[in-house]
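Single-structure report; data block below.
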Amino acid sequence: MTETSEAVIAAEARERYNPRDIEPKWQQRWQEQGIYRVDLNSERPRFYFLTMYPYPSGNLHVGHWYAEAPADAAARYRRMRGYNVLFPMGFDAFGLPAENAAISAAREGREVHPASLTYERIAYMEKQFRQMGAMFDWSTKVVTCDPEYYRWNQWFFVKMFERGLAYRKESYVNWDPVDQTVLANEQVIDGRGDRSGALVERRLMPQWHLKITDYADELLDFSGLDWPERVKLMQTNWIGRSEGAEVAFRSEQGDPMTVFTTRPDTLWGATFMVLAPEHPLVSKLVTSERRQAVESYIERSEHTSEIDRQSEGREKTGEFIGAYAVNPVNDHRIPIWIADYVLMTYGTGAIMAVPAHDQRDFEFARKFGLEVAPVIVPEGQDRGGATMSEAYSGDGVMIRSGRFDGTRTGKGANAADDENGIARVIAWLEEQGLGSRKVTYRLRDWLISRQRYWGTPIPMVYCDACGVVPEREENLPVELPHDVAFMPTGESPLKHHKPFLDTSCPECGGAARRETDTMDTFMDSSWYWFRYLSPHLKGAPFDEELAKRWTPVNLYTGGIEHAILHLLYARFFTKVVRDFGLVDSDEPFLRLRNQGMILGEDNEKMSKSRGNVVDPDDLVESYGADAVRAYLMFIGPWDQGGPWNPKGIEGVTRFLNRVWNVVLEPAEERDEGADDRGDLRRAVHLAIKEVTEDFEAFSFNTAVAELMTLQNAMTRLKSRSLCQSAEWTEAVSTILLLLAPITPHLSEELWERSGHGESVHLRSWPVHDETALTSATVQMAVQVNGKVRAQVTVAVDATKDQILDVAKADRKVARYLAEGELVREIVVPGRLVNLVLK
RNA sequence: GCCGGGAUGGCGGAAUCGGUAGACGCAGUAGACUCAAAAUCUACCGCUGCAAGGCGUGCGGGUUCGAGUCCCGCUCCCGGCACCA
């Protein structure tokens with residue numbers, strides 16, 4: 001209220017809070033004054049706050065608001081704490097939806113180009129982001145479909161090719177018949193394409209891969225990262241490290257057939273072998289009598305979709321190929337089978353089957369009448385039971401294992417011990433030259449080829465003379481041709497674009513063909529945060545100096561759906577870029593926080609078909625951006641999400657109105673209570689303390705609740721004389737400062753109207769005064785035998801004896817005390833007294 | 001099956017170095033203002049009971065002066081992985 005006369009305030013108070021007037025006004029002023037412009041070279045402490053950039057779908061939905069608005073508030077908080085905060089935004093602009101729109105238009109005989117569609121959508125969404133009141137610095141915007149950006153995808157790709165990290169290999173891949181492209185393993189959910197939902201087919205195709213498996217072990221190391229436990233676990237599971245041994249089996253004819261096993265201690269129990277149906281040795285080893293049955297099984301398994309192959313409780317199938325192998329540890333002659341429960345893509349594509357100690361092998365042996373030979377028995381038992389009903393995979397003692405008989409073994413508590421059978425057998429195998437220690441991963445290399453148009457062209461050239469050759473750096477970017485025809489069939493138009501297809505060889509200059517596949521769009525998002533630092537740099541993907549100063553990102557926020565895909569690729573890419581010598585850090589994102597999902601009123605996922613979609617534009621129109629922001633933060637813990645409650649935003653709007661009124665309306669005539677100033681100051685400093693802790697902990701819902709509590713206190717205590725006090729002035733400026741990150745427009749407007757100077761958003765975050773939090777007296781509960789029976793008020797510095805005296809003097813307590821003998825007295829100062837009777 | 005997370009009023013949720021369960025908000029009830037309604041304001045608002053009291057944080061046990069919080073054994077829900085040798 002400094003310098004503002006009461007008359008002016010009284011006149012203005014007749015104006016009601018109207019976000020429709022004040023929000024656009026401030027958005028424009030902030031932009032004109034450039035208050036969110038970041039100086040990357042400032043010496044203030046740096047804080048890189050990154051939030052996942054969106055795909056330009058054309059319209060912000062509530063999910064976008066839920067991801068961005070609380071993140072924006074957290075970034076604003078961080079800046080008020082004195083940090084130089086970089087909070088950039090961009091668009092993940094390549095991808096199938098825009099191309100699919102072009103294809104459907106083509107089917108109707110219309111022409112729509114993904115590029116123009118994408119840029120229109122970006123322009124619209126950018127406008128919507130501004131209406132949110134977000135403090136994004138748009139001068140650093142990154143748009144991945146811009147050749148200025150994707151040329152660096154190509155540059156990275158060529159660098160990786162040169163170092164053997166990018167390679168082309170023919171293998172069975174996941175083909176999505178609807179989207180007409182292959183997909184990475186990470187994009188296949190329950191046998192279906194993650195976008196189209198179509199059942200994925202297995203196809204043998206030559207494809208480009210990135211060697212993420214080279215980094216498997218390093219990717220398992222999360223030390224120094226403050227990430228949600230579940231994300232780390234999901235990545236760990238996905239990488240799926242298994243320790244064991246490779247053991248050299250041979251066919252009777254002498255063909256080497258290496259197997260991987262995590263239980264080399266069960267080798268003596270291997271009674272047959274199983275090869276994957278695609279295993280290259282099958283056609284060589286199969287006997288003529290078995291050939292027909294075996295070939296028809298292979299044929300069938302090729303046509304079995306992944307989803308059927310993996311379905312739960314499926315009965316084992318397989319065929320004997322007529323050939324035998326030799327178990328190298330006991331020279332037993334064991335039959336060789338093929339079965340689709342053995343995968344060509346894991347381990348060596350061949351297993352030694354130990355039915356006594358592996359449930360899958362056990363089921364297979366049962367079905368086909370194969371020998372079950374127990375070689376490990378639980379400690380205390382001397383031989384394997386002849387009537388096993390299931391495989392025994394626990395710890396125990398080795399039997400029928402030659403020199404190892406009597407050795408304790410298993411994957412249990414002593415598995416790491418050198419005396420454990422597993423370790424001893426591996427050491428012995430290495431001595432004998434029969435095998436070696438081996439680590440295997442579930443993780444496969446990242447398949448990045450996509451048979452689509454709207455993505456980064458893979459910058460490779462096929463020359464009859466020179467083979468597969470990367471495009472020269474000076475010729476990058478290999479630009480996507482604009483004048484292409486979108487096929488109603490969905491086939492990539494690049495395959496039919498002569499001027500693109502025909503090129504000259506970068507090596508010999510002769511006629512050559514371009515690769516027509518484009519890159520997975522996750523390539524784009526694997527390094528985009530580096531580009532924000534120097535979005536228009538010409539000579540390099542990013543400014544090395546700035547990257548060394550500004551990365552790793554301090555705080556990254558986004559949806560949990562990227563727990564594996566994007567976040568794993570981004571970590572891989574960072575390690576690759578580090579190995580190129582471009583950055584020092586091993587990890588991209590130090591701290592990660594995931595927001596949950598906003599559901600419809602009916603607690604279901606929002607969808608047009610359910611009719612439960614809430615449109616943020618409508619909400620802004622009715623309640624204002626500040627109310628939407630505050631309500632989304634208030635709805636519940638951010639990482640949990642929750643259902644949208646249309647009444648909830650009305651409650652928050654009431655709160656904002658009360659803040660408006662308590663600041664601007666003249667006080668009613670009312671006598672000031674003796675302790676009002678102390679009470680107000682206590683409420684103010686408690687709010688500072690709590691809201692600060694809540695922002696640090698990402699507990700936005702309780703931060704809003706604390707601010708409501710402060711407003712309630714101000715409204716309750718407000719009186720004409722109190723309004724003249726320093727305590728009141730402090731209360732007004734404090735509530736506006738604490739609200740500034742959450743409701744930037746309202747806070748700015750009231751900041752100005754209550755006579756403050758420069759923007760509230762350029763002010764420092766308040767610091768609480770611990771001494772303001774204490775009061776002269778405190779209320780304590782008095783329990784008798786653990787049940788609360790009375791409340792007493794005592795001096796805050798009372799001794800235990802004094803507290804007990806007061807407690808026992810209470811009439812109700814005295815009545816209980818009369819009923820028994822007091823045997824114990826417990827006093828927790830400031831909290832409670834517990835009187836225990838016998 | 002394995003791994004993780006969760007279960008608190010009519011609803012969203014708060015409180016976990018063990019210390020007054022239900023902050024804050026929604027919904028609801030009563031009242032004030034109004035011709036009336038809306039808005040706003042005031043009071044009440046876990047269940048049960050006239051009251052005193054009793055009961056109460058998914059279920060069953062346990063530890064403790066005291067348990068939503070710790071321990072043991074379950075149930076259900078959500079998420080991830082899954083014929084990975």
Side-chain angles (χ1 to χ4, degrees), chain A residues 16 189-190 228-242 244 259-263 266 270 274 276 309-317 339-343 345-354 357-361 363-364 393 440-444 560-561 563-564 596 603 630-631 634-637 639-640 642-652 654-655 657-658 661 668 690 699 701-712 715 779-791 812 823-837:
Chain A
R16 297 194 43 214
I189 314 290
D190 293 333
E229 212 53 42
R230 61 175 167 164
V231 175
K232 294 192 276 186
L233 272 159
M234 280 160 77
Q235 294 204 355
T236 302
N237 284 342
W238 184 261
I239 294 166
R241 184 179 201 272
S242 295
V259 303
F260 172 73
T261 176
T262 56
R263 293 298 301 270
T266 66
V274 185
R309 204 165 153 167
Q310 293 174 4
S311 64
E312 205 177 343
R314 180 164 169 261
E315 200 171 327
K316 297 276 179 296
T317 60
D340 64 7
Y341 82 90
V342 174
L343 310 173
T345 46
Y346 183 78
T348 61
I351 63 159
M352 64 172 200
V354 184
H357 305 295
D358 181 288
Q359 188 58 25
R360 295 154 297 178
D361 298 344
E363 286 164 19
F364 195 82
S393 57
T440 300
Y441 303 88
R442 214 190 67 101
L443 181 71
R444 316 282 158 74
I560 187 71
E561 67 275 17
I564 296 174
N603 229 323
Y631 178 58
F634 185 61
I635 210 164
D639 59 352
Q640 279 174 35
W644 178 263
N645 175 1
K647 289 288 184 183
I649 193 167
E650 288 179 19
V652 167
R654 276 197 278 274
F655 160 61
N657 273 305
R658 287 189 201 117
N661 293 336
E668 280 173 36
E690 299 287 331
S699 180
N701 55 329
T702 52
V704 176
E706 288 299 334
L707 287 161
M708 287 172 167
T709 305
L710 176 56
Q711 171 269 309
N712 283 335
T715 303
Q779 226 191 26
M780 288 177 62
V782 183
Q783 298 182 333
V784 178
N785 285 335
K787 294 196 173 176
V788 178
R789 297 299 184 187
Q791 297 285 336
K812 211 164 155 193
V823 293
R824 199 161 166 187
E825 296 164 337
I826 286 151
V827 179
V828 184
R831 294 247 173 207
L832 55 71
V833 172
N834 191 10
L835 303 171
V836 186
L837 303 183

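Proteins get letters first, then strands, A, B, ... in listed order; numbering begins at 1 in each.
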OG1 of A/Thr236 to CZ of A/Arg442: how many Å apart, nearest 0.5 Å?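 Spacing of OG1 (A/Thr236) from CZ (A/Arg442) equals 12.0 Å.
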Go ahead and name the base partner of [N]; Watson-Crick or wobble counts if both distances stay under 3.5 Å, otherwise write none.
{"N": "B/U16", "answer": "none"}
{"N": "B/C81", "answer": "B/G1"}
{"N": "B/U75", "answer": "B/A7"}
{"N": "B/C55", "answer": "B/G46"}

Presence of donor-acceptor pair under 3.5 Å, side chain of A/Lys647 and base of B/C11: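 No pair found.
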Counting side-chain heavy atoms from CB outward, which of [options] is closest to [X]?
{"X": "A/Ala705", "options": "B/C26, B/C24, B/A14", "answer": "B/C24"}
{"X": "A/Arg654", "options": "B/C24, B/G54, B/U40", "answer": "B/U40"}
{"X": "A/Lys812", "options": "B/A85, B/G53, B/C81", "answer": "B/G53"}
{"X": "A/Arg442", "options": "B/G25, B/A85, B/C84", "answer": "B/C84"}

Have a look at [X] and say if it touches a base, only the backbone sugar-phosphate, or nothing, with a 4.0 Å heavy-atom cut-off.
{"X": "A/Gln779", "value": "base"}
{"X": "A/Arg444", "value": "base"}
{"X": "A/Gln783", "value": "base"}
{"X": "A/Asp361", "value": "nothing"}
{"X": "A/Lys316", "value": "base"}
{"X": "A/Lys232", "value": "nothing"}

Is there a side-chain hydrogen bond (donor to acceptor under 3.5 Å, both in side chains) between A/Gln711 and A/Thr715? Walk through the geometry before answering. CA-CA 6 Å; A/Gln711 171 269 309; A/Thr715 303; 2.8 Å; yes
Presence of A/Arg658 side-chain N/O under 4.0 Å of B/C41 phosphate oxygens OP1/OP2: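 Checking A/Arg658 against B/C41: at least one side-chain N or O falls below 4.0 Å of OP1 or OP2.
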Side-chain N or O of A/Arg230 versus OP1/OP2 of B/G80: is the shortest distance under 4.0 Å? no
Please check: side-chain N/O of A/Arg230 versus main-chain N/O of A/Ala563, any donor-acceptor pairing under 3.5 Å?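 Checked: no pair found.
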Along RNA chain B (nearest heavy atom to each residue), the more 5'-positioned of A/Gly636 and A/Asn834: A/Gly636
